[in-house]
Structure formats: structure tokens, C-alpha cells
Chemist: 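Once you've had a glance at the structure underneath, I'll fire off some questions.
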Protein chains: 2
Amino acid sequence: MPDIKHFDPDTVLDTVVRLFWRQGMATTGIQDIVTATGLNRSSLYATFGGKQELYLAALHRYREQWSRPAFRGLAEDDRGLPAVAEFFDSLIGVRCSGEYARWGCMISNAQAGAENGDPDVRAFLDQHHEELREALRAVLVVAGAEGQLAPGTDPATAADLLALLAYGVNLRSRAGAEAGSLSATVAAALRSLGSGTTD
Amino acid sequence: MPDIKHFDPDTVLDTVVRLFWRQGMATTGIQDIVTATGLNRSSLYATFGGKQELYLAALHRYREQWSRPAFRGLAEDDRGLPAVAEFFDSLIGVRCSGEYARWGCMISNAQAGAENGDPDVRAFLDQHHEELREALRAVLVVAGAEGQLAPGTDPATAADLLALLAYGVNLRSRAGAEAGSLSATVAAALRSLGSGTTD
DNA sequence: GCTATCTTGAAACGGTCGTTCCAGGTAGCC
DNA sequence: GGCTACCTGGAACGACCGTTTCAAGATAGC
């Protein structure tokens with residue numbers, strides 16, 4: 001049979017994710033991708049299709065590698081508010097330090113960019129938002145059952161609030177916000193949702 | 001003396017703001033601007049300089065026309081929390097309906113884009129963030145003095161929280177979030193900050 | 001009305017964009 | 001080993017990018 005691919009598409013996609021994540025879709029050229037991945041234009045187009053499809057594939061890969069693991073860890077945690085605190089701590093850690101510091105969130109960046117005009121991207125963004133909300137809601141339901149929430153706090157509404165807060169963290173971190181400042185703000189938000197009891 | 005400009009730079013800048021606001025900097029070409037404003041490349045470059053300077057001028061114009069009036073209205077309002085509620089209502093109104101629906105905030109968009117790598121843009125973003133925080137802080141100090149805040153609520157920290165929330169609203173509105181959903185979330189946030197008294 | 005000075009129109013610059021095409025190379029099956 | 005089906009390298013495509021240049025047009029002061 002035929003010759004076989006001389007590269008691993010998923011490895012290539014990881015490199016592509018980093019390019020789109022840091023620079024955005026519009027600012028990243030095919031040439032950048034060719035240079036960074038080392039593979040040829042022909043192989044690129046044969047494997048992934050054009051730029052738009054490649055970007056969409058990168059978005060999906062990002063979600064699989066970053067968003068969903070975090071969401072799972074959140075939804076499956078039965079500690080309630082401490083789980084939310086840990087989620088945000090970890091988020092701020094990635095956003096403000098290490099290799100990806102000041103890159104923001106690839107998906108949040110997509111919301112602000114022109115790429116969100118594409119129907120497929122838009123659908124992806126909506127779905128991502130629902131997954132984030134649902135994970136937060138699930139853990140807040142637990143928190144409510146444990147009596148960690150202030151009286152009259154609706155878990156779903158609080159989840160919406162925290163979701164928007166996460167977007168704010170993503171945005172500000174890309175512009176260089178300090179981790180300490182973001183942490184303090186998140187802590188205050190959780191305090192205002194909480195019942196005031198430490199346990 | 002010489003010939004005089006055949007156009008009003010501020011009017012042109014308004015058109016340019018709309019282009020950059022809606023499409024982003026990277027996706028907006030000089031040709032788009034020439035077409036939309038009707039004036040010539042020569043006049044454009046002679047008046048504003050290159051694309052980067054034009055974008056920066058548009059950012060400043062946006063702040064003068066949108067951000068600062070809203071910030072002033074907020075900081076000068078002595079009603080406390082109701083002023084904050086009105087600020088967000090008005091924000092959501094602009095973001096979700098009318099001519100600028102789903103455009104998001106030009107400055108929030110800039111935070112997510114590649115343009116934030118430019119030092120001038122970065123400085124602008126920082127200053128804008130400070131102005132937003134300060135306006136919110138001022139009105140929250142009033143709210144605190146009027147006993148509208150929950151006990152132990154620090155106005156400055158609460159201002160940071162609301163600022164991040166505003167960024168979240170800007171981001172989600174661009175991706176098509178419903179006004180009603182955003183309003184409900186904001187209302188919940190204000191409720192969680194409040195003392196629970198209606199007046 | 002002439003001149004000096006600025007503005008305007010339009011063409012053109014080199015470079016880069018995303019994409020396509022094709023010859024040459026390589027692996028598996030007969 | 002030959003055939004076939006696929007992949008790779010590299011050149012090339014037309015279109016558009018931001019920017020520059022220059023001649024022609026327009027205005028205020030003399």
C-alpha cells in the first residue's frame with residue numbers, strides 16, 4: 001500500500017495550538033506554522049485542510065487538553081467551594097506563570113477576535129461556555145448541599161457569575177495582571193458567595 | 001498659505017473606531033479604512049501616520065467617547081449600588097442591542113489580541129483598567145458609607161471583582177450572550193455584595 | 001495673478017498572504 | 001522487482017498587505 005505519514009498529527013497540532021493561542025488566528029500565518037512544525041505545506045493541507053479548519057482543529061485540541069480536564073476535576077470534586085478555589089488557583093497559575101504566562105485562554109481570545117464570526121467557531125464557543133457553566137454549577141450544588149453557600153444563593157446563577165469572572169481573569173492575565181491581584185479578587189468573590197463558615 | 005484638509009479628522013476617526021472595534025486590528029486592512037472613510041491613502045498617512053498609530057488613535061478616541069463618560073457618570077453618582085447597577089445595565093444595553101450589538105468592547109478585544117504586545121497599547125490597557133477600577137471603587141466607597149455593602153466588604157476589592165465581571169460581560173456579549181442572562185448574573189453579583197437592605 | 005505650501009489622487013513598491021500544483025520519493029502488495 | 005497509492009519537497013499562483021512616491025490640484029498671502 002501507500003507511503004505513510006512521516007509525522008504525528010497530534011504532535012503537530014500541539015505546536016499549532018501554541019501558535020494560535022499566543023498570537024491569535026489572524027496574526028499567525030501558514031508560514032509560521034510551516035516553520036514551527038517543520039513539515040511541508042503539502043502535508044499540512046493534505047492532513048488538516050485550510051487555515052480555518054486547522055484553527056478549528058487546534059481549538060478542539062486545546063479544549064481536550066486544557067478545558068475539559070479542568071472541568072472534569074471541578075465537577076467530580078465533592079468538596080464544594082474549596083474545589084472552586086483550587087480551580088481558580090490552578091487557572092491563575094497557568095495564566096500568570098510558566099510557559100503560557102500572559103497567553104490568556106485560547107478560547108477566550110477567540111471570543112474577542114474576528115474568528116468568532118465563523119459559525120463553527122461560534123458553536124464551539126457556546127458549547128465551551130455551557131461546559132464551564134455546568135461544571136461550576138455541579139460543584140456549587142454540592143457546596144449548597146454542604147451549607148457552604150450564603151442563604152438564598154442559587155447555584156446556577158452563582159455559576160454564571162464565576163464563569164464571567166473566569167473570563168475576566170483570562171483577559172486580564174493576558175494583559176499582564178499580577179497573579180496575586182487576581183487571586184485576591186477571586187478569593188473575595190468566593191467569600192461573598194459563601195456562608196461565612198470555614199467548614 | 002497652504003491648502004487645508006478636506007475632511008474632519010475626528011469624524012474619520014469615528015469611522016476607523018467602528019472598523020477596528022468590530023473587526024479587530026489584524027483583520028482590518030488599510031484598504032477597508034480607505035473604502036469606509038472615503039479619503040485617500042495619502043491623506044490617511046499624512047494625518048495619522050501608519051496603521052499602528054492609527055489604531056492607537058482609535059483606541060484613545062474610543063476611550064474618550066465611551067469609557068470615560070461612563071466612568072465619570074459612575075464616579076460622580078452618589079447613590080451607591082444603584083449607580084453600579086445602572087452602569088452595568090447601560091453597558092449590557094450597548095453590548096447586546098443597537099448598532100454595536102455583539103461588537104464587545106474595543107479595549108477588551110485589544111487585551112485578547114496580538115496588538116497588546118505593543119508597549120503603547122499595553123500602557124493604554126493598564127491605564128484603562130485603573131480608571132475602571134477607580135471609578136468602581138469610588139462609587140463603592142459611597143455605597144459602603146451608606147451601609148449598602150455587606151459587613152466586611154472592602155470597596156477596593158469589590159471594585160476589582162466588578163471590573164473583572166465587566167470584562168466577562170464584554171467578552172461573552174461579543175460571542176452572542178443574551179442581555180437577560182448577563183443582567184441576571186450582574187444582579188446576582190450586586191446582591192452578593194450588598195447588605196441585603198433595599199435602601 | 002503669482003507663488004509658496006499643503007492636500008489629494010493614483011499608481012506602484014516589495015513583501016507576505018493562503019492556496020494549489022506537480023515532479024520525485026517511498027512504502028506496501030502482487 | 002514492478003506496480004500502485006500515498007506522501008513530501010519546492011516552486012509558483014494570484015491576491016492582498018502596509019507603505020511610499022510623485023505629479024496634479026487647491027488655497028492663503030503678497
Side-chain angles (χ1 to χ4, degrees), chain A residues 1-13 15-59 109-110 113-121, chain B residues 1-59 61 109-110 113-121:
Chain A
M1 280 280 180
D3 195 0
I4 253 174
K5 277 191 206 308
H6 301 176
F7 59 93
D8 174 29
D10 276 344
T11 306
V12 167
L13 215 42
T15 305
V16 175
V17 162
R18 281 209 276 270
L19 284 175
F20 281 138
W21 182 1
R22 187 179 33 171
Q23 312 178 21
M25 170 176 189
T27 329
T28 302
I30 296 288
Q31 182 57 48
D32 296 332
I33 294 169
V34 167
T35 304
T37 62
L39 57 80
N40 200 271
R41 290 176 144 73
S42 309
S43 311
L44 209 62
Y45 277 84
T47 307
F48 301 103
K51 189 185 183 183
Q52 189 73 28
E53 289 141 301
L54 182 54
Y55 177 73
L56 217 58
L59 268 184
N109 295 346
E115 52 266 37
N116 90 342
D118 179 80
D120 293 331
V121 173
Chain B
M1 280 276 181
D3 193 359
I4 252 174
K5 279 190 206 311
H6 300 177
F7 61 92
D8 174 28
D10 276 343
T11 306
V12 167
L13 215 42
D14 283 338
T15 305
V16 175
V17 163
R18 282 207 277 269
L19 284 175
F20 281 138
W21 183 0
R22 187 179 32 169
Q23 312 179 21
M25 169 171 189
T27 328
T28 302
I30 295 289
Q31 182 57 48
D32 296 332
I33 295 168
V34 166
T35 304
T37 62
L39 55 79
N40 202 271
R41 289 177 145 76
S42 308
S43 312
L44 210 62
Y45 276 85
T47 308
F48 301 104
K51 189 185 183 182
Q52 190 74 27
E53 290 142 299
L54 182 54
Y55 177 73
L56 217 58
L59 268 184
R61 176 114 184 126
N109 296 346
E115 52 266 38
N116 90 344
D118 179 80
D120 293 331
V121 172

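Bear in mind that the values here come from a model prediction, so they are computed numbers and not experimental data.
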Chemist: Just how far, in rounded Å, is C1' of dA5(D) from NZ of K5(A)?
Modeler: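 Checked: the NZ to C1' distance equals 13 Å.
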Chemist: If I take atom CZ in residue F7(A) and atom P in nucleotide dT26(C), what distance separates them, rounded to the nearest angstrom?
Modeler: 17 Å
Chemist: Measure from the side-chain heavy atoms of Y45(B) and tell me the nearest of dT7(C), dT20(D), dT8(D).
Modeler: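 Ranking dT7(C), dT20(D), dT8(D) by closest atom to the Y45(B) side chain puts dT20(D) first.
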Chemist: Within this structure, what is the NE2-CG distance for the pair H6(B) and N40(B), rounded to the nearest 0.5 Å?
Modeler: 12.0 Å
Chemist: So which of residues 35-43 of chain A are in contact with DNA chain D, with a heavy-atom cut-off of under 4.0 Å?
Modeler: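 By residue number: N40(A), R41(A), S42(A), S43(A).
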Chemist: Side chain of K51(B) only, please: which of dT26(C), dT8(D), dT19(D) is the nearest?
Modeler: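 Looking only at heavy atoms from C-beta outward on K51(B), the closest nucleotide is dT19(D).
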Chemist: Set out, in order, the CA-CA distance, both residues' side-chain angles and the distance that settles side-chain contact (heavy atoms from CB on, under 4.5 Å) for Y45(A) and E53(A), then state yes or no.
Modeler: CA-CA 10 Å; Y45(A) 277 84; E53(A) 289 141 301; over 6 Å; no
Chemist: Hey, what do you get for CD (E115(A)) to CZ (F20(A)), rounding to the nearest 0.5 Å?
Modeler: 9.0 Å
Chemist: Any chance you could measure R22(B), atom CZ, to T27(B), atom OG1, to the nearest 0.5 Å?
Modeler: 11.5 Å
Chemist: Taking CD1 from I33(A) and P from dG18(C), how many angstroms apart are they, rounded to a whole number?
Modeler: 8 Å
Chemist: Between CD1 of I33(B) and CG of L54(B), what distance do you get to the nearest 0.5 Å?
Modeler: 5.0 Å
Chemist: Which angle, rounded to 10°, do you find between the first-five-pair axis and the last-five-pair axis of the helix from dG1(C)-dC30(D) to dC30(C)-dG1(D)?
Modeler: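 Its terminal axes enclose an angle near 10°.
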Chemist: Give the minimum heavy-atom separation between L13(B) and A58(B), together with the two atoms involved.
Modeler: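 Where L13(B) meets A58(B) most closely, the heavy atoms are CD1-N, 4.2 Å.
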Chemist: What is the distance from CG of L44(A) to C1' of dT19(C), rounded to the nearest Å?
Modeler: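 To the nearest whole Å, that distance equals 11 Å.
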Chemist: Rounded to the nearest 0.5 Å, what separation is found between the NZ atom of K51(A) and the CG atom of L44(A)?
Modeler: 11.5 Å
Chemist: Between T35(B) and D32(B), does a side-chain contact (heavy atoms from CB on, under 4.5 Å) hold up when you go through it step by step?
Modeler: CA-CA 5 Å; T35(B) 304; D32(B) 296 332; 5.8 Å; no
Chemist: Which whole-number value in Å describes the distance from D118(A) CG to dG18(C) C1'?
Modeler: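 D118(A) atom CG is separated from dG18(C) atom C1' by 16 Å.
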Chemist: Is there a side-chain contact between V121(B) and Q52(B) in this structure, where contact means two heavy atoms from C-beta onward sitting under 4.5 Å apart?
Modeler: yes
Chemist: What's the separation between atom CE in M25(B) and atom CG in D118(B), rounded to the nearest 0.5 Å?
Modeler: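 It is 8.0 Å, given to the nearest 0.5 Å.
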Chemist: Test side-chain contact (heavy atoms from CB on, under 4.5 Å) on T47(B) and F7(B) and set out the steps.
Modeler: CA-CA 11 Å; T47(B) 308; F7(B) 61 92; 3.3 Å; yes
Chemist: Can you tell me how far C1' of dG18(C) sits from CZ of F48(A), to the nearest Å?
Modeler: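 Rounded to whole Å, this separation is 17 Å.
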Chemist: What residues in residues 19-31 of chain A put a non-hydrogen atom under 4.0 Å from any atom of DNA chain C?
Modeler: T28(A), G29(A), I30(A), Q31(A)
